[in-house]
Structures are given as structure tokens and as C-alpha cells.
Number of protein chains: 2
Amino acid sequence: MSSKKNDTRVNILRATWKLLESGQGKAVRMSDIAKRAGISRQALYLHFKTRTDILIATTLYVDDMNGLENRLRKSREANTGHERLEAFIDAWGKYIPEIYNVSKALLAVLDTDAAAANAWKGRMQALREGCHAAMEAVNNDGMLSPNFTLKKAADILWTLLSVRNWELLTQDCGWSQEDYIRNMKQSARTLLVK
Amino acid sequence: MSSKKNDTRVNILRATWKLLESGQGKAVRMSDIAKRAGISRQALYLHFKTRTDILIATTLYVDDMNGLENRLRKSREANTGHERLEAFIDAWGKYIPEIYNVSKALLAVLDTDAAAANAWKGRMQALREGCHAAMEAVNNDGMLSPNFTLKKAADILWTLLSVRNWELLTQDCGWSQEDYIRNMKQSARTLLVK
DNA sequence: CTGTCAATTGACACAGTGTAAAGTTAATAA
DNA sequence: TTATTAACTTTACACTGTGTCAATTGACAG
């Protein structure tokens with residue numbers, strides 16, 4: 001099952017992960033990854049076509065390791081729409097710091113690398129669907145704010161919960177993680193729920 | 001008054017501006033700017049130390065040409081805090097599309113270029129002060145939402161009005177400019193005003 | 001013994017930024 | 001007039017980082 005090729009692949013992803021996690025924003029080069037993975041730089045190209053491919057694969061790997069799917073699934077089990085919304089914000093809000101450093105590498109090339117932009121877009125699509133589902137649950141309870149259509153409400157929630165907003169609030173404004181979660185719940189409730 | 005050196009400098013900034021405006025996201029190289037400005041690539045370095053310096057100077061130049069200062073000042077003349085908040089959102093919201101393309105070039109290197117990050121931070125600091133002042137006016141009317149401290153309210157408004165959020169809502173979610181302005185006013189009011 | 005898979009070494013093309021040096025041109029000043 | 005200076009040009013090159021290519025090695029499977 002675990003072919004040698006696959007082992008090395010995972011090895012590369014873990015090396016990238018660790019580097020992004022510890023490097024604190026510094027650009028990680030192919031040669032850095034190779035060194036950390038204990039293979040030659042050229043060997044990286046036996047497993048991935050481009051640097052961006054490695055970054056993308058790493059974010060997916062990290063999602064996997066952290067069980068993003070499960071975390072979000074749990075929010076779907078809530079009874080009321082409002083509870084579901086809160087659970088969703090809670091799950092995602094607690095998730096962001098775990099992926100932030102890795103995601104940042106992808107965010108950094110988003111504006112210049114079409115492949116990265118595409119991958120990120122897809123990844124955020126999942127979140128967007130989660131937002132939409134949560135707001136739909138609120139709507140089904142008849143509790144959606146009359147100020148917004150369902151679509152607009154979902155868009156706003158999605159924007160509110162963006163990684164860049166988390167970055168702004170916790171890094172630039174100095175909010176604690178608790179502040180962030182509490183205020184996002186508060187805001188979503190005030191803004192979107194009747 | 002208008003030395004030859006200064007003329008060329010402005011010439012470079014206008015060339016950069018036009019390229020960013022029309023290039024639609026494509027990376028603008030030093031050679032592109034030089035060609036457009038009608039000078040040699042090397043001459044650029046007689047006026048600016050680095051590419052980032054040109055980008056920074058261009059954003060400042062564009063702010064200047066568009067009269068950002070004046071636009072924001074007008075919002076300060078409103079009578080009530082709430083009116084002031086609305087005027088502020090209106091002014092800034094209408095301003096974003098005018099600077100978006102130019103700003104995007106700076107945003108694109110934000111995560112890799114410390115000088116760019118610094119410049120952007122400073123530029124956003126002005127907006128942040130505007131947000132704080134607007135919320136202070138609301139607070140002085142005794143109309144600040146009891147859900148937030150003044151500082152937190154200003155932080156939220158600042159985050160809400162970020163260029164990245166405008167980008168998300170208008171580009172990814174397909175909102176029109178009118179949608180954006182209307183919903184931002186609506187949201188700020190619901191969220192931050194009693 | 002042979003084939004093949006994973007990886008290695010070393011060389012290289014390419015893009016883009018930034019540096020360096022020597023030469024041109026036109027205005028300015030003595 | 002001649003000398004000087006500022007702005008700019010041309011040519012060349014160093015540097016970084018990505019990605020490609022070809023020849024080679026070592027292991028191990030049939």
C-alpha cells in the first residue's frame with residue numbers, strides 16, 4: 001500500500017508544512033523543502049510539477065490531517081438554525097489558526113499565480129457552501145434578517161469569515177482568538193439573524 | 001519649479017498607473033514601465049530605488065490625483081454620528097474601485113515584500129483613524145452598540161471596509177457597486193449603531 | 001540477469017531585478 | 001567660447017529562483 005513513491009510524497013508535504021509552520025512568513029524555496037525532506041531539489045520534480053503544486057497539495061494534506069471535514073460536519077447536526085450558525089463559526093474560527101501559516105504561502109502567490117488562485121477559490125468554495133447551508137438553516141427557521149436575501153446573507157457571512165479578515169483582526173488589531181470567535185458570533189447574529 | 005527630473009518622475013508614475021489600470025492584473029515589469037514612459041529601463045533607477053518604490057509612489061500619486069483627503073474630510077462635516085458613519089462609508093466605498101487596480105499591485109507583493117507591507121500598513125492606518133473617528137462620533141451621540149467597545153467597533157468597521165472584502169464581494173460574489181455601498185451601510189448600522 | 005523504479009549529480013535555460021561603467025546630449029555658467 | 005553638470009542611453013553583468021534535461025547509480029523483483 002505505502003509505495004516508496006508515496007512515502008516520499010508525504011515526506012515532502014510534511015517538510016513543507018513544518019517549514020511554513022516555523023518559517024513565520026519567510027518564502028520557502030524548493031531547495032529549502034528538498035533539504036528538509038532529505039532529498040535532492042530535483043527529486044521534488046519527480047513528485048510535483050511546480051512549486052505551486054506542492055503548496056496546494058500541502059494545504060489539502062493539512063486539511064486532511066486536521067479533519068476539516070469532520071469539524072464542519074458536526075455543525076450540521078445542530079437543532080436550530082441559530083445554533084448551527086454558531087457551531088459553524090466556532091468550527092471554522094478555531095480552524096483558521098491551524099492552517100493560517102500554510103495558507104499564507106498560498107495567499108502570497110494568489111495574485112500572481114493563476115493555478116494557486118484557482119486552488120484557493122475551490123477551497124473557499126467549500127466554505128462558501130457551508131455558509132450558505134448555515135444561513136439556509138436560519139432561513140428555514142424563519143429567522144433570517146429581513147435586511148438581506150439568503151444569497152446576500154451567505155455572501156456576507158463568507159466574507160466576514162475570510163482568512164484575511166481573521167488576519168486583520170488578530171494580527172493587525174491585536175484581537176485574541178477568543179475575542180475573534182466571540183465577536184464573529186455576535187456580529188453574525190446581530191447582522192443576519194432576526 | 002517643474003524640473004526635468006520631476007517631470008520624468010511624474011511621467012513614470014503616470015505610466016505605471018496606466019499600465020496597472022489597463023493591464024488587468026498582469027504583473028507589470030520594470031521594462032514595461034520604461035517602455036510606456038518612453039525612457040530606458042535603467043533610467044527608472046535614477047528616480048526610484050526599487051520596483052516596490054515605484055508601486056508605492058504610484059498609489060500615493062493616485063490618492064493625490066483622486067483627492068482622497070478631500071473626500072474623507074467631507075464626511076467629517078456631518079451632523080449626527082450616524083450621518084457621519086454613512087458619509088464615511090459612502091466616500092470610501094466609492095473610492096475603492098478607483099484605486100483597486102493600482103492597489104492590487106501592492107497587495108500582490110504584500111506578503112513577500114516588507115517595504116510594500118509597511119507602506120500599505122501606513123496607508124491603511126489613515127483609513128483606520130477615519131473609522132475610529134466615525135465610531136467616536138456615533139459614541140458621542142450615545143448611539144454606539146452596547147455589544148462592542150469603541151475600539152472593537154472601529155476595528156470591525158475597518159475590517160468590514162477592507163479592500164480585500166470589497167474584492168470578495170464585488171469580484172467573487174458578483175455584487176454591484178450599488179449593492180456594496182448599500183449593504184455596507186446597512187451592515188455597519190445594524191452592527192455598530194444602537 | 002535484466003528491467004525498472006526512485007533518486008542522484010551536474011549542467012543549463014530563462015525571467016526578472018538590480019548594479020556598474022562609459023558614452024551622449026543639451027542646457028547652463030564662466 | 002569652453003567647461004561643467006544633469007539627465008539619460010547603451011551595454012554588460014551579477015544574482016536569485018524556477019524548471020528542464022541527460023547520464024548515472026543502487027535496489028530489488030521476476
Side-chain angles (χ1 to χ4, degrees), chain A residues 1-16 19-20 23 25-59 104-119, chain B residues 1-16 19-20 23 25-59 104-119:
Chain A
M1 277 295 93
S2 70
S3 64
K4 186 162 188 185
K5 185 152 188 176
N6 217 13
D7 282 358
T8 306
R9 195 191 131 92
V10 171
N11 192 17
I12 292 170
L13 297 180
R14 300 203 336 138
T16 309
L19 282 171
L20 291 171
K26 257 193 267 172
V28 170
R29 290 157 299 188
M30 295 298 268
S31 51
D32 298 326
I33 297 172
K35 185 183 279 182
R36 174 97 196 197
I39 59 174
S40 69
R41 184 175 74 89
Q42 282 64 16
L44 294 176
Y45 291 97
L46 299 174
H47 298 270
F48 299 94
K49 274 193 80 67
T50 67
R51 177 176 179 274
T52 300
D53 280 356
I54 295 185
L55 294 181
I56 293 171
T58 303
T59 61
K104 198 163 169 54
L106 213 47
L107 286 172
V109 294
L110 222 57
D111 300 288
T112 47
D113 187 320
N118 221 43
Chain B
M1 273 295 92
S2 71
S3 63
K4 187 165 188 185
K5 184 150 189 175
N6 218 15
D7 282 359
T8 305
R9 195 191 132 92
V10 171
N11 192 16
I12 292 169
L13 298 181
R14 302 204 334 138
T16 309
L19 282 171
L20 290 171
K26 256 193 269 174
V28 169
R29 291 156 299 188
M30 294 299 268
S31 51
D32 297 326
I33 297 172
K35 184 183 279 182
R36 175 98 197 198
I39 60 175
S40 69
R41 185 175 73 88
Q42 280 60 20
L44 294 176
Y45 291 98
L46 298 173
H47 299 269
F48 301 93
K49 274 193 79 67
T50 67
R51 178 176 178 274
T52 300
D53 280 357
I54 295 186
L55 295 181
I56 292 171
T58 303
T59 62
K104 198 164 168 52
L106 213 47
L107 286 173
V109 293
L110 223 59
D111 300 287
T112 45
D113 187 320
N118 220 43

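By convention in this document, chain letters (A, B, ...) are assigned in the order of the sequence lines, proteins followed by strands, and residues within each chain are numbered from 1. Below, each value reflects all heavy atoms present in this structure, side chains not excepted, and no hydrogens, waters or symmetry copies.
- As a whole-Å value, the separation of D113(A) CG from dT18(D) C1' is 12 Å.
- One interatomic measurement links the two molecules: CG of L44(B) to P of dA7(D), which rounds to 15 Å at whole-angstrom precision.
- R29(B) places its CZ atom 14 Å from the P atom of dG18(C), with the value rounded to the nearest Å.
- Separating the CD1 atom of I12(B) from the C1' atom of dA7(D) is a distance of 11 Å, rounded to the nearest angstrom.
- In this view, T59(A) and V102(A), L106(A), R123(A) satisfy the side-chain contact (heavy atoms from CB on, under 4.5 Å) rule, not counting sequence neighbours.
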Taking only N/O atoms, report every protein-nucleotides 5-11 of chain C pair under 3.5 Å with atom names and distance.
| unit_1 | atom_1 | unit_2 | atom_2 | d |
| --- | --- | --- | --- | --- |
| dA7(C) | OP1 | T8(A) | OG1 | 2.1 |
| dA7(C) | OP2 | H47(A) | NE2 | 2.6 |
| dT8(C) | OP1 | S40(A) | N | 3.1 |
| dT8(C) | OP2 | S40(A) | N | 2.9 |
| dT8(C) | OP2 | S40(A) | OG | 2.5 |
| dA11(C) | N6 | Q42(A) | NE2 | 3.4 |

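- When atom types are taken as modelled, the side chain of T8(A) and the backbone of N11(A) share no donor-acceptor pair closer than 3.5 angstrom.
- In this structure, L55(B) places its CG atom 10 Å from P of dT17(C), rounding to the nearest Å.
- Take D32(A) and apply the side-chain hydrogen bond (donor to acceptor under 3.5 Å, both in side chains) test, not counting sequence neighbours, and it matches R29(A).
- Following rounding to the nearest Å, I33(B) (CD1) and dT17(C) (C1') show an atom-to-atom distance of 12 Å.
- The list of side-chain hydrogen bond (donor to acceptor under 3.5 Å, both in side chains) pairs with a residue in residues 33-44 of chain B, not counting sequence neighbours, is empty.
- Counting to the nearest Å, the C1' atom of dT17(C) and the CG atom of D32(B) are 13 Å from each other.
- Checked against side-chain hydrogen bond (donor to acceptor under 3.5 Å, both in side chains), K104(A) has the following partners two or more places apart in sequence or in another chain: E167(A), D111(B).
- Spacing between atom OH of Y45(B) and atom C1' of dA6(D) amounts to 21 Å, rounded to whole angstrom units.
- D113(A) pairs by the salt bridge (Lys or Arg N to Asp or Glu O under 4.0 Å) definition with nothing, not counting sequence neighbours.
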